[in-house]
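Comments concern the structure below.
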Amino acid sequence: MEITDEMRRHSAAHLTARAVCNLFPGTQTDIGPATDDGFYYDFDLEHRLAPEDFPALEKEIARLIALDEPFVRAEMSRPDVAARLAGQKYKLERLADIPEGETISTYEVGDYFEMCRGPHVEHSAQIGAVKLMKVAGSYYRGDENNKMLQRVYGIVGKDQAELDAYVARLEEAKKRDHRRLGVELDLFHLDPEDPGQIFWHPKGWTIYVALQDYMRAKLIKDGYQEVNTPAIMPRSLWERSGHWDHYKANMFVTESEKRVFAVKPMNCPGALEIFKSRMRSYKDLPLRLAEFGHCARNEPSGTLHGIMRVRGFVQDDAHIICTEEQIEEEVAKFCRLLKDVYKDFGFDKNLLVKLSTMPEDHVGDEATWQHAEAALAAACKASGMDYEIQPGEGAFYGPKLEFTLIDALGRPWQCGTIQLDYQLPSAERLNAEYIGPDSQKHHPVMLHRAVLGSLERFIGILIEHYAGSFPLWLSPEQVRILPITDKQVPYAQKIRDALAARGLRVEIDASADKLGAKIRNGTVAKVPYLLVAGGRDEAAGVVSVRQRGAGDLGAMKLEDFIAKVDEDLKNKQ
RNA sequence: GCCGGUAUAGCGUAGUGGUAGCGCAGCGGUUUUGUAAACCGCUGGUCGGGGGUUCGAAUCCCUCUGCCGGCUCCA
C-alpha cells in the first residue's frame, strides 16, 4: 500500500489526540482531519492549551511514533463502537450522525481507539516527524451557538529534514505578508484608533489608481457605463431594499435633524435608483452600470485582517440589469472579462471557482433557482473554468459564482463574484420596471458582479503574489536615477524629464550616499529599473541600466531604454 | 462577535520588582564617490489606556483597546 501525505497527516492527528489524552486525562475529543498542509484536532478540556504545552506534547507524540504500533482497522456494530466510546460525548454525537446501515470503521493503535473512516498508515513510524503549530478556538460543528473547543494545528514531515524545510518555507512566506510589505514599502498604514480603515500613502495610492485605471479601461471596452452614487443614504431606502432587516448589524448608522441615515455597505440600491430615474425599455437592456463604490461595513473586530478584510473598501462593482433570457450571455461575458483580467496578473493555479447554490432560507421558487444555477454553471464552463459546487451557500436572493484567490500563507480570499438577484428589483423591494415588447411593465433581473472584488483586498493579494516586486505598470516608482556625484544631477534631471514626459514615474536619488548605497536602497525599495548616471554616462550620452532581478545590463541609449520599458508595459511585465 | 496569545521610539528588538538600552530609519555635519550598506554626531519612549498590589512596576494582578492565530461571518 502506498503511504500518502494525507494518510500520514491524518494518522498524526490521531497520535496528537492520543498524546493530549495521555497528558491531560479526561480530555473529550471531537474530530481531527488532515488538511492541505497538515492536520488539526479539536478537544474539549479544562486546561487551556498553549504553545508552552507543545514541547511536552511533541515529545509524547514522538514517543508514540517511535513505538511503531500498527494502525488496526476494524468494522464494528454501532453498539460495540458506542461501548468503546463511552464517556466521549462528542464522539457519540458524531456516531449518531452516521446513517443507519452504513459501515462503521474503527482504527486502533496501541491503547488508543477511534471511530474513523481512514485510511491510515500501516504502523506509526511511517508518520515521520510532527510539529504542533498553533492552538485556536473553534466552534463545535462550526456553529457559533455551540461550545468553543480548542483546536490544535500541526504539520507533518516524512522526516525531520522535510519538516524543517517546511517550517523554513513558512518563514519565507511570512516575508511576503502584505501587512509587513505594506509598511516596509510605505504603501499604507492602519491606525489602531480607527480599526479596519486604510490610510493609503502616495506609493500605495499610485498602485491603487493604476489598478483602477486599468479596470476602468476594461469596463468601458466591455460595454459598461460608470456611475457614482451617494455614500450616505436614508433609512427609508435601506428598509425598502431589505438591508435594514438583513444587514443592519453591519451598517454604520448616522443621524441628521432627526432623520436616520446609513453609510452604504453595498452599491446595489444606488444603481437601481439610477435605473429607476426614468422609464426604461427592454431595448435599454442589458444595462451595465459600473461603480467604484466606497462601502463601509461594520465587520466584527475579530474578522479584520490587514487590508484584506476591512471596514472601508471600494468594490470594482457593477450591476447588470437585464431580462432573464439575457442572464446566461451576461454571465458568460463576465467570466470572459474576469479570465482576461486575472491572466494579466498570472492568476491561474491559485484561483478557485465555486458555485454556491440555493440555501434553505431562500426567496423565489425552485424552478427559477434551478434555471439560474444552470445558467451560472453553463456560463462558467463556456469560459473554460472548472468550478466546485458549494451546496446551500448561495445568498438568500440568488445563486452565485465566487472567484477565490490564495494569499502567501495559503488562506483563501473571495475576490471576484457574480450573484444573481431576482429580489431587489421586485415589487416587494425597490420595484424596478421596464416596458417590454408587449408594452407591459416587467421586473428585470439584476446581476451583482465584481472582477477584483475590492481594490483593497485585491491589492493585498497582489502584494503577496508579487512579494512586493510589482510589475512595471503597477510599480509606484518605476525608474530611479542614480547620479554618482552632484555633478551629474542636472544630467539626471534631463533624463528624468524625458521619461516623465512619457508618463513614467521617475525619481532621482540625489542623496550624499555612494553608488553602492544608492543601489542597495533602490533594490530594497524594489524599484524595477535603476539608471546609473555617472560622468562616463553623461559624456557618452547614455545611462547604465540595472534591472530588478537581472542586475547590471550595461550602458544603453535613452531611446533604447524607453523601447525596453515600453515592451515591459505592453506585456504587463 | 467567540477562544487563545500578545503590546517597549517610525520599523525590528533587549530588559522577570530598584535611574529604559541596542540596530535600522530620520535629522545635522564631513566625504563627491562606478553597481547591494562611507564616517562622526544628534533627536526620538509618561514601556498601548485606565485601575490595583508594593517603599518602589516595562516587569505582578484586574480591566479596556489594538494587534496576531484560528472559529463564525465576508469583497
Side-chain angles (χ1 to χ4, degrees), chain A residues 40 42 44 48-52 133-153 174 177 179-180 183-184 186 189-196 247 249-250 265-267 293 295 297-317 393 395 402-405 409 411-417 419 448-458 460-461 482-489 510-524 530-537 544-546 551-555:
Chain A
Y40 66 79
D42 286 348
D44 187 10
R48 298 285 98 179
L49 290 168
E52 292 80 73
M133 299 298 285
K134 55 201 175 194
V135 56
S138 167
Y139 297 112
Y140 175 54
R141 292 178 184 276
D143 185 336
E144 62 182 327
N145 299 310
N146 287 344
K147 181 166 187 183
M148 187 157 264
L149 307 180
Q150 301 189 64
R151 175 171 294 180
V152 174
Y153 286 85
K174 276 188 195 161
D177 192 316
R179 292 167 295 189
R180 173 178 174 151
V183 172
E184 278 176 15
D186 195 22
H189 82 266
L190 297 154
D191 182 357
E193 225 183 312
D194 195 10
Y247 209 72
N250 283 297
M266 297 179 195
N267 304 304
C295 296
R297 296 183 186 173
N298 193 10
E299 301 287 354
S301 56
T303 65
L304 302 178
H305 183 94
I307 64 170
M308 303 279 214
R309 180 81 181 264
V310 290
R311 288 183 176 150
F313 59 97
V314 173
Q315 295 173 308
D316 66 318
D317 208 359
E393 293 294 312
E402 287 173 27
F403 301 87
T404 297
L405 293 168
L409 289 169
R411 291 176 289 219
W413 294 96
Q414 187 191 312
C415 292
T417 182
Q419 314 188 1
H448 308 247
R449 42 108 293 170
V451 176
L452 308 177
S454 83
L455 284 127
E456 289 75 8
R457 177 175 290 181
F458 199 79
I461 292 280
L482 315 180
I484 291 176
T485 74
D486 290 352
K487 287 198 191 71
Q488 292 91 41
V489 169
S511 69
D513 285 332
K514 291 170 71 173
L515 182 62
K518 291 186 182 188
I519 286 173
R520 182 183 153 78
N521 291 337
T523 305
V524 169
L530 302 177
L531 301 185
V532 176
R536 296 206 297 265
D537 300 292
S544 293
V545 179
R546 197 184 161 92
D552 190 356
L553 302 184

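Chain letters run A, B, ... following the sequence lines, proteins first, then strands; residues in each count from 1.
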Touch class at under 4.0 angstrom, heavy-atom based, for P192(A) against every strand present: sugar-phosphate
Whole-Å C1' distance, rC64(B) and rG28(B): 42 Å
Under 3.5 Å donor-acceptor pair, S544(A) side-chain atoms to rG34(B) base atoms: yes
P spacing across the pair rU16(B) / rC61(B), given as an integer number of angstrom: 15 Å
Residue closer to the 5' end of RNA chain B, S301(A) versus V135(A) (nearest nucleotide): S301(A)
G551(A) or E184(A), whichever maps to the more 5' nucleotide of RNA chain B: E184(A)
Residue-phosphate contact under 4.0 Å: H305(A) side-chain N/O, rG69(B) OP1/OP2: yes
Presence of R179(A) side-chain N/O under 4.0 Å of rG69(B) phosphate oxygens OP1/OP2: yes
Side chain R457(A), main chain Q414(A), donor-acceptor under 3.5 Å: yes
Sugar-phosphate, base or nothing in reach of A450(A), heavy atoms under 4.0 Å: nothing
G-U wobble or Watson-Crick pairing nucleotide for rC42(B) (cut-off 3.5 Å, both distances): rG26(B)
K147(A) to Y140(A) six-membered ring, cation-pi geometry met (6.0 Å, 45°): no
Span that lies between the P atom of rG56(B) and that of rC40(B), in whole angstrom: 44 Å
Nucleotide forming a Watson-Crick or wobble pair with rA37(B), both distances under 3.5 Å: none
Base partner of rG69(B), which must satisfy Watson-Crick or wobble distances under 3.5 Å: rC3(B)
Sugar-phosphate only, base, or nothing, as touched by G516(A) at under 4.0 Å among non-hydrogen atoms: sugar-phosphate
Touch class at under 4.0 angstrom, heavy-atom based, for G535(A) against every strand present: base
Beyond-backbone contact of T523(A) with L530(A), side-chain heavy atoms, under 4.5 angstrom: yes
Shortest side-chain distance from T417(A), nucleotide among rA75(B), rG70(B), rA36(B): rA75(B)
Spacing of D143(A) atom CG relative to rG1(B) atom P, expressed in whole Å: 19 Å
Euclidean distance for C1', rC47(B) against rU13(B) (whole angstrom): 13 Å
Distance, P atom - from rG4(B) to rC62(B), rounded to whole angstrom: 13 Å
Pair partner, rU19(B) [Watson-Crick or wobble, under 3.5 Å]: none
Options rC67(B), rC71(B), rG1(B), nucleotide nearest the side-chain atoms of S138(A): rC71(B)
Nearest-nucleotide pick for R457(A), side chain only, options being rC71(B), rU72(B), rA75(B): rA75(B)
For rC47(B), the Watson-Crick or wobble counterpart (both distances under 3.5 Å): none
Y153(A) side-chain proximity, nearest of rG1(B), rG34(B), rG70(B): rG70(B)
Sub-4.5 Å side-chain heavy-atom contact between T417(A) and H448(A): no
Sugar-phosphate, base or nothing in reach of M308(A), heavy atoms under 4.0 Å: base
Between P of rC3(B) and CG of D42(A), the distance in whole Å: 16 Å
From rA36(B), rU32(B), rA37(B), nucleotide with atom closest to V524(A) side chain: rA36(B)
Spacing of the P atoms in rC42(B) and rC24(B) (rounded, Å): 14 Å
Candidate nucleotides rG1(B), rU32(B), rA36(B), ranked by approach to the side chain of T485(A) - the nearest: rU32(B)
Candidates rG1(B), rA75(B), rU35(B) - which lies nearest the side chain of R546(A): rU35(B)
Touch class at under 4.0 angstrom, heavy-atom based, for D537(A) against every strand present: base
Residue pair P265(A) / N250(A), side-chain heavy-atom distance below 4.5 Å: no
R309(A) side chain near rC74(B) phosphate (N/O to OP1/OP2, under 4.0 Å): no
rC3(B) to rU72(B) separation - P atoms, rounded to the nearest Å: 16 Å
Cationic N near anionic O, under 4.0 Å, R141(A) to D143(A): no
N/O (side chain, R411(A)) to phosphate O (OP1/OP2, rG69(B)) under 4.0 Å: yes
Test log, rule side chain to side chain contact (heavy atoms under 4.5 Å, CB included), inputs V451(A) and F458(A): CA-CA 10 Å; V451(A) 176; F458(A) 199 79; over 6 Å; no
Nucleotide rG26(B), atom C1' - distance to CG of D513(A) in whole Å: 13 Å
Sugar-phosphate, base or nothing in reach of V310(A), heavy atoms under 4.0 Å: base
Sugar-phosphate, base or nothing in reach of A512(A), heavy atoms under 4.0 Å: base
Polar side-chain atom of D316(A) near backbone of S454(A) as donor-acceptor pair, under 3.5 Å: no
L515(A) CG - rU31(B) C1' separation (whole Å): 15 Å
Pairwise P distance, rG15(B) and rA9(B) [rounded to whole Å]: 15 Å
Any Q414(A) side-chain nitrogen or oxygen under 4.0 Å from OP1 or OP2 of rA75(B): yes
Whole angstrom value for the distance that separates P of rA7(B) from CG of L190(A): 20 Å
Side chain of P195(A) (C-beta onward), nearest among rG34(B), rC67(B), rU72(B): rC67(B)
Nearest-angstrom distance from the residue atom CG of L149(A) to C1' of rC71(B): 10 Å
From rG1(B), rG34(B), rU32(B), nucleotide with atom closest to R536(A) side chain: rG34(B)
R311(A) and R297(A): CA distance, side-chain angles, deciding distance, side chain to side chain contact (heavy atoms under 4.5 Å, CB included) verdict: CA-CA 5 Å; R311(A) 288 183 176 150; R297(A) 296 183 186 173; 5.9 Å; no
Residue pair V314(A) / E456(A), side-chain heavy-atom distance below 4.5 Å: yes
Side-chain donor/acceptor contact of Y139(A) with base of rG1(B) under 3.5 Å: yes
Shortest side-chain distance from I519(A), nucleotide among rA37(B), rA36(B), rC3(B): rA36(B)
OP1 or OP2 of rA38(B) under 4.0 Å from side-chain N/O of K514(A): no
Touch class at under 4.0 angstrom, heavy-atom based, for G137(A) against every strand present: base
Separation of rG4(B) P from R151(A) CZ (nearest whole Å): 16 Å
Touch class at under 4.0 angstrom, heavy-atom based, for G142(A) against every strand present: sugar-phosphate
